[in-house]
Amino acid sequence: MKRPLLLALCALLPGLAAAAELRVELELPDLRISDYRRPYVAVWLERPDNSVAANLAVWYDLRMRDNEGLTWLKDIRQWWRRTGRDLTMPVDGVTAATRGPGTHKLAFTGGSSPLGELAAGDYRLVIEASREHGGREVVTVPLQWPPTAEQRLDAGGARELGRVAVELIP
């Protein structure tokens, strides 16, 4: 099916995008260092013009007294500049505690929060990790929403992020 025709059908049939799924597996590497701190991580979708289409996940230290964990969100620099500083934290269904090393799974269904009524088009899934006494890394995965066929897209980081796998299901 030609892309313009597909986009026109998606506009006429909003339920098509609502049924679609976006699944993300992201790996936080097990770094064998003496002063390891769990990374702050942000996951979002952005449009080709770099504007944020949807915040999907923000992991930070929720247990710090006096909500001091909020202070360090600005260290997830790209996310902070694009959308973080304009949000009131915590964001229901988006924010959660930091995670340790391992593979973590996220799943989202079109038509429900945080994807909402995401318009058909080209996007980038962006994952940014920042760690105290560590580094910062950003991984991007280009994708089309809604998917027309099942797809698996893979990417990977070099240090703060490991393997990233994105699965799109119509």
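Index from 1, following the sequence.
- Every residue two or more places apart in sequence or in another chain that forms a side chain to side chain contact (heavy atoms under 4.5 Å, CB included) with P29 is listed here: L31.
- Note that CE of M89 and CG of L70 are 7.0 Å apart. Values are rounded to the nearest 0.5 Å.
- The hydrophobic cluster containing V94 also contains Y40, counting ILVMFWY residues as joined when their side-chain heavy atoms lie under 4.5 angstrom apart, directly or transitively.
- Contact annotation: the side chain of D122 never approaches that of R47 to less than 4.5 Å [non-hydrogen atoms, C-beta and beyond].
- Every salt bridge (Lys or Arg N to Asp or Glu O under 4.0 Å) that D154 has, sequence neighbours left out, goes to R152.
- E132 meets the salt bridge (Lys or Arg N to Asp or Glu O under 4.0 Å) test with R37; sequence neighbours excluded.
- A heavy-atom distance below 4.5 Å is found between the side chains of L143 and L153.
- Applying the ring-ring contact (aromatic ring centres under 6.0 Å, His included) test to residues at least two apart or on different chains, none of the pairs has a partner in residues 150-170.
- D86 is linked by a salt bridge (Lys or Arg N to Asp or Glu O under 4.0 Å) to nothing, counting only residues two or more places apart in sequence or in another chain.
- No side-chain heavy atom of V41 sits under 4.5 Å from any side-chain heavy atom of I76.
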Solution key, residues 61-69 side-chain donor-acceptor pairs under 3.5 Å, sequence neighbours excluded:
unit_1	atom_1	unit_2	atom_2	d
D61	OD1	R63	N	3.0

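- In the hydrophobic clustering of ILVMFWY residues, with side-chain heavy atoms under 4.5 Å counting as a link, L28 and L125 come out together.
- With sequence neighbours left out, the ring-ring contact (aromatic ring centres under 6.0 Å, His included) criterion links W59 to H104.
- In terms of modelled atom types and a separation under 3.5 Å, the side chain of S130 and the main chain of D75 share a donor-acceptor contact.
- Contact check for R82 versus E46: side-chain heavy atoms found under the 4.5 Å cut-off.
- Residue-environment remark: CG (D35) exceeds the threshold of 12 foreign heavy atoms within 6.0 Å.
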(request) Evaluate the criterion side chain to side chain contact (heavy atoms under 4.5 Å, CB included) for residue pair R99 and R38; output intermediate values, then yes/no. (result) CA-CA 6 Å; R99 314 271 171 99; R38 291 179 173 190; 5.6 Å; no
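- In terms of hydrophobic clustering, with Ile, Leu, Val, Met, Phe, Trp and Tyr side chains grouped at heavy-atom distances under 4.5 Å, V52 and I127 are assigned to different clusters.
- Legend: residues meeting side chain to side chain contact (heavy atoms under 4.5 Å, CB included) with S113, ordered by chain and number and at least two apart, are absent.
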(request) Any chance you could lay out the side chain to side chain contact (heavy atoms under 4.5 Å, CB included) test for K105 and V24, step after step, and finish with the verdict? (result) CA-CA 6 Å; K105 297 179 181 186; V24 180; over 6 Å; no
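- Looking at L45 and L118, their side chains come closer than 4.5 Å, going by heavy atoms from C-beta outward.
- No chain of hydrophobic side-chain contacts below 4.5 Å, direct or via other Ile, Leu, Val, Met, Phe, Trp or Tyr residues, connects Y36 to W72.
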(request) Test side chain to side chain contact (heavy atoms under 4.5 Å, CB included) on V43 and L106 and set out the steps. (result) CA-CA 10 Å; V43 181; L106 303 165; 4.2 Å; yes
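- Using a distance-only test at 3.5 Å, with no hydrogens or angles considered, a donor-acceptor pair links the side chain of E128 to the main chain of W79.
- When the side chains of ILVMFWY residues are joined at heavy-atom separations under 4.5 Å, either directly or via intervening members, V141 and V126 end up in two distinct hydrophobic clusters.
- Note on residues 107-132: no pairs pass ring-ring contact (aromatic ring centres under 6.0 Å, His included), not counting sequence neighbours.
- Under the rule for a side chain to side chain donor-acceptor pair (under 3.5 Å), the partners of T83 that lie at least two apart in sequence or sit in another chain are N55.
- Under the rule for a salt bridge (Lys or Arg N to Asp or Glu O under 4.0 Å), the partners of D30 that lie at least two apart in sequence or sit in another chain are R32.
- The two residues W145 and G110 make their nearest non-hydrogen contact at CZ2-CA, 3.7 Å.
- Side-chain contact between L22 and L56 is present, with heavy atoms from C-beta onward closer than 4.5 Å.
- Separating the OG1 atom in T140 from the CZ atom in R124 is a distance of 7.0 Å, to the nearest 0.5 Å.
- For the residue pair Q78 and W80, no side-chain donor N or O sits within less than 3.5 Å of a side-chain acceptor on the partner.
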Donor-acceptor pairs are to be reported for all side-chain atoms of residues 158-170 against protein atoms at under 3.5 Å, with residues two or more places apart or in another chain.
unit_1	atom_1	unit_2	atom_2	d
E160	OE1	R131	NE	2.8
E160	OE2	R131	NH2	3.0
E160	OE2	G135	N	3.0
R163	NH2	E25	OE1	2.7

